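Just below is one structure, and these are the notes that go with it.
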Amino acid sequence: MNKKLYSPLIFELSHKGRNADALPHYEYSKDPIENLQQNLLRQADLTLPEVDEPTVVRHYTNSSNNNFGVDTGFYPLGSCTMKYNPKVNEAMVSHAKIANLHPAQPINTMQGALRLYHSLEKYLAEIGGMAEFTLNPFAGAHGEYTGLMVIRAYHQSRGDSARTRVIVPDSAHGTNPASAAMAGYEIVEVKSLSDGTINVDDLRSKLDNSIAAVMMTNPNTVGMFEKAIPTIADLVHSAGALLYYDGANLNPLLGVARPGDMGFDVMHINLHKTFSTPHGGGGPGAGPVGVRKGLEEFLPNPRVVENNDGSFDIHYSEGAFGRVSAWLGNFSVYIKALAYILTLGGEGLAKVGPLATLNANYIMHSLKDLYELPISGPCKHEFVFDGLRDKSTGVTTLHVAKALLDYGFHAPTIYFPLLFHESLMIEPTETETPETLDAFIEVMREIALKASAEPDKIKSAPYSTPISHPDEDEAALNPIVTYRQLCNNTI
């Protein structure tokens with residue numbers, strides 16, 4: 001493997017006097033800089049790189065080649081569902097009649113957009129087994145917060161102010177307790193069994209009239225289906241609490257089961273995950289929230305409603321707990337999700353869950369002789385290895401993840417969930433071909449075998465990246481976020 005040369009920063013390519021513009025000098029005719037207050041003026045020249053146009057283009061083009069995404073390779077992030085985004089989705093979003101819309105324009109000029117919004121709500125309600133959805137939340141965690149505020153409003157409407165706590169499994173996504181705390185609740189942790197499913201006996205002991213809700217992911221965080229869900233739903237409802245569905249793992253249920261039919265009262269969907277807007281780089285996302293019949297009035301404002309004449313309007317409900325976005329959320333994500341749903345249709349959507357489950361089990365069974373599988377039995381969309389079976393080499397999950405980069409694969413999620421010391425969490429999704437899965441399996445096997453035969457070679461990987469082994473602790477504790485010129489140490 002050839003070591004990739006270090007890519008210099010744009011400041012390091014700078015040469016005084018060079019520029020990439022040919023614009024005429026423009027004198028401001030009004031409000032000259034001299035009229036500005038002195039405390040608003042920079043006291044020294046702004047230090048910017050001085051480079052010619054070819055250097056700029058080549059620098060940022062080369063830098064972009066260091067990025068990784070689902071368009072460049074396999075991205076098996078467990079718990080994140082990084083599936084391929086069909087290009088027809090992007091074509092729809094960039095269409096002028098959609099891209100040029102403005103949320104402040106008159107309602108009668110945006111009827112098509114509101115119809116799209118309303119249609120997606122109805123599709124999601126059917127998929128989730130819920131009565132109604134709001135698309136306003138901007139992300140999954142934002143959806144969790146929204147759903148919990150709906151639950152709070154529901155209990156308050158009944159005059160039940162004693163419910164101040166939310167139960168969260170010890171295997172849950174970290175956003176669950178964080179969202180509950182943001183909504184003003186105290187967190188109660190429920191223990192998991194060895195397969196990551198909820199310990200029903202422990203749950204039963206913690207249900208009382210102080211519990212507002214129980215948050216669950218099904219399949220759970222280690223990819224196992226919660227078989228006791230009917231019993232759990234009965235226990236939660238008997239205690240007067242509501243059951244919340246974290247939709248991060250909805251993908252394997254498509255075409256197979258619906259959270260609403262399992263007894264969940266409130267749910268969110270990570271629209272950017274399950275419905276194909278890969279969310280690397282922090283966005284954009286969408287976390288629509290659905291509720292069972294009887295909870296619709298508590299959903300946040302505003303809401304899109306269909307009038308008797310078939311037109312659409314914006315409605316504000318007096319029972320809503322408030323609002324969570326400036327308008328109606330990330331519209332571009334909705335368009336891509338709707339395009340994805342309409343492209344697949346009911347028949348295609350029914351294949352998503354089974355194919356995602358098949359792909360995950362195929363990889364799991366192909367690697368379990370070399371990687372330690374702490375939970376036996378069929379998984380759903382994802383599974384977790386507890387590092388390599390051969391522990392004598394000192395090769396860790398981090399070493400395996402770094403070694404994968406040399407083969408053109410993004411690493412799976414590592415060291416999550418926290419149930420296992422060397423967690424390596426793999427989710428292939430339904431969009432990958434058998435050839436891609438086989439190539440990944442072959443590389444994973446090669447890494448495992450090399451780890452036993454030549455452990456130092458794996459520990460020293462990757463060899464093909466600009467930076468190979470940074471000090472992760474130092475980078476986290478003391479990040480360098482600006483370029484300081486060596487000559488005068490100024491920014």
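We count residues from 1, following the sequence as given. Keep in mind it's a predicted model, so treat the numbers as computed, not measured.
If you check the side chains of Ser171 and Asn220, you find no donor sitting under 3.5 Å from an acceptor. Using modelled atom types and a 3.5 Å distance limit, the side chains of Asn270 and His268 yield a donor-acceptor pair. A donor-acceptor contact closer than 3.5 angstrom links the side chains of Asp438 and Tyr362.
Applying the side chain to side chain donor-acceptor pair (under 3.5 Å) test to Asn89 and every residue at least two apart in sequence or in another chain returns Asn85, Ser276. In this view, His173 and Ser79, Asp246 satisfy the side chain to side chain donor-acceptor pair (under 3.5 Å) rule, not counting sequence neighbours.
Annotation: side chain of Leu405 is not in contact with side chain of Tyr463 (no heavy-atom distance under 4.5 Å). The closest side-chain heavy-atom distance from Phe416 to Ser423 is not below 4.5 Å.
The backbone N or O of Gly129 sits nowhere less than 3.5 Å from a side-chain atom of Arg292 that would complete a donor-acceptor pair.
Phe385 and Phe383 have perpendicular rings, their planes meeting at more than 60° on a 0 to 90° scale where under 30° would count as parallel.
Contact check on Glu132 versus Lys122 returns no salt bridge, with no Lys/Arg side-chain nitrogen under 4.0 Å from an Asp/Glu carboxylate oxygen.
Taken to the nearest 0.5 Å, the NZ atom of Lys380 stands 12.0 Å off from the CG atom of Asn249. Between atom CD of residue Glu90 and atom CE of residue Met92 there is a gap of 10.5 Å, rounded to the nearest 0.5 Å.
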